[in-house]
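Worksheet: the structure to be examined is printed underneath.
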Amino acid sequence: MTEALERAVVPPVSDADPFDHDILLDPEPLHQALREAGPVVYLSRYDVHALSRYEHVHAALLDWQHFESGAGAGLSNFRHEKPWRPPSLLLEADPPLHDAPRRVLREVLAPPALRGLREGWSAVAEETVDRVLAAGTEFDAFPALAEAFPLRAFPDVVGLGPDGRENLLPYGNMVFNAFGPRNDLVEADAPRLAGLSAWVNAQCQREALREGSFGAQIWAAADRGDLTYEQAPLVVRSVLSAGFDTTVHGLAACLYALAAHPVEWQRLRERPELARVAFDEAIRWQSPVQTFFRTATADVTVAGAVIPKGTKILMFLGAANRDPVRWHDPDRFDLTRDPSGHVGFGMGIHQCVGQHVARLEAEALLSALARRVEHLELAGTPRRHPNNTLRSWTCLPLRIRPVA
Ligand code: OVM
């Protein structure tokens, strides 16, 4: 026998359904079971292999040559099934096709391009916090802060007109459900699919986007020849798909974390410069984007197990972000740790291109809140909302004591 055959390992099998509502609402027990079962686990229900340990998720995300995205970042394999919408030029593409759209969007969303936003977003955050404080000391922070702030701050910057903005979150919710199997969550979105898609596609057109906006800058890249005119609206669509629900649920995760850990809230109040660490630690601890798929471009061996060419691999970002081999006391939300290296934004060539936007939004909202709120706690049981990919929220009751 060859050495490779001798070493081939048959991975353990699990019939768990990661897209079952109960598991979506409380994924940690499955994550722990998968991490402990082995580096590679075969999920018999979906005929996919799963990676859940930090080491292997991290390595696979970096190895785009063997773990491709062009066959789709969801369960559906675009080589065999027609995608539900034209594939994303960023998320659902590999080099070399991926590179021009990525370069353009990276420049538009780069830290220097965001410098001009800080002051305006601080004012929007102050105003958002003021409204909440004026209404009393108990409120639902999910609509009042986590949804309200990004929806007041970002659509203008993207260049959207005033009408139809209420479609943004339902569209994103649908996009993130669509990465999973065709289950009840996908069925529930079906009646709105055509209407939401038509609205989003219309907002991607040049005429719909305010002059000078991020959207207009994407179109200007086509004028320079950095993109084709066919690509420009699809790059705008990526911003509309991935730029709203992610930050809304990321901010909700962060507010939940801080309300549930009063000592960490005090730490943040004493050192407001910890706002960014608080956000990244919340992303690690909650992983708003829980999973993505890749597809094996060859028979790929991971820790001795062979993942057959052309099959899907489910990457558990949330499980990797709490792997005790990588993180000390991983279930603890802790502002004294260094959360960098978490895979909540992904890793490698597809790592979240909007992460600087998200961090700036978080910094604006958290610093405004830390300036005005002395004490923060949960005022009831927070409620989550099942989504095939997002760890999402619907209700986050908070009680606050304003600064005197
Ligand atoms: C896209 C897209 C959509 C959803 C998520 C995402 C997290 C990207 O359309 O490019 O990345």
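Indexing begins at 1, ligand by ligand and atom by atom, following the structure's order. These numbers come from the heavy atoms of this one structure, side chains and all, not from hydrogens, waters or symmetry mates. Heads up: numbering here begins at 1 and tracks the sequence.
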Review point. Aromatic rings His261 and Trp285: how do their planes relate, parallel, tilted or perpendicular, breaks at 30° and 60°?
Key: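 His261 vs Trp285 ring planes: perpendicular.
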Check each atom of ligand 1 against the heavy atoms of [X] and keep those under 4.0 Å away; list them by number with element.
| X | result |
| --- | --- |
| Ser241 | 3 (C), 9 (O) |
| Phe176 | 4 (C), 5 (C) |
| Phe179 | 4 (C) |
| Phe292 | 7 (C) |
| Ser88 | 1 (C), 9 (O), 10 (O) |

Practice item. Taking only Lys NZ, Arg NE, NH1 and NH2, and the carboxylate oxygens of Asp or Glu, determine whether Arg45 and Asp20 approach each other closer than 4.0 Å. Key: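 Answer for the salt bridge query: no.
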Point to revise | Salt-bridge criterion met for Arg322 and Asp329 (N-O under 4.0 Å) | key: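 Looking at Arg322 and Asp329, the cut-off is not met.
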Would you say the ring centroid of [X] lies under 6.0 angstrom from that of [Y]?
| X | Y | value |
| --- | --- | --- |
| Phe293 | Phe179 | no |
| Phe19 | Tyr46 | yes |
| Trp393 | Tyr256 | yes |

Practice item. Could you tell me the residue and atom name of the protein heavy atom closest to atom 9 (O) of ligand 1, and the distance to it rounded to 0.1 Å? Key: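 Its nearest protein heavy-atom neighbour is Arg85 NH2, 2.9 Å.
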Practice item. Look at atom 6 (C) of ligand 1 and say which protein heavy atom is nearest, naming residue and atom and giving the distance to 0.1 Å. Key: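 The closest heavy atom on the protein side is Ala242 CB, 3.5 Å.
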Exercise for review: Return a yes/no value for Ser238: is any of its N or O atoms, backbone included, closer than 3.5 angstrom to an N or O of ligand 1?
Suggested key: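 By distance alone, the answer is yes.
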Exercise for review: Dump the intermediate steps for salt bridge (charged side-chain N to carboxylate O under 4.0 Å, His left out) on Glu127 and Arg131, then the final yes or no.
Suggested key: CA-CA 6 Å; Glu127 195 187 299; Arg131 282 197 214 184; 3.3 Å; yes
Review point. If you measure from atom 4 (C) of ligand 1 to every heavy atom of Leu105, Val236, Leu89, Val175, which option wins on shortest distance?
Key: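 The residue whose heavy atom sits nearest atom 4 (C) of ligand 1 is Val175.
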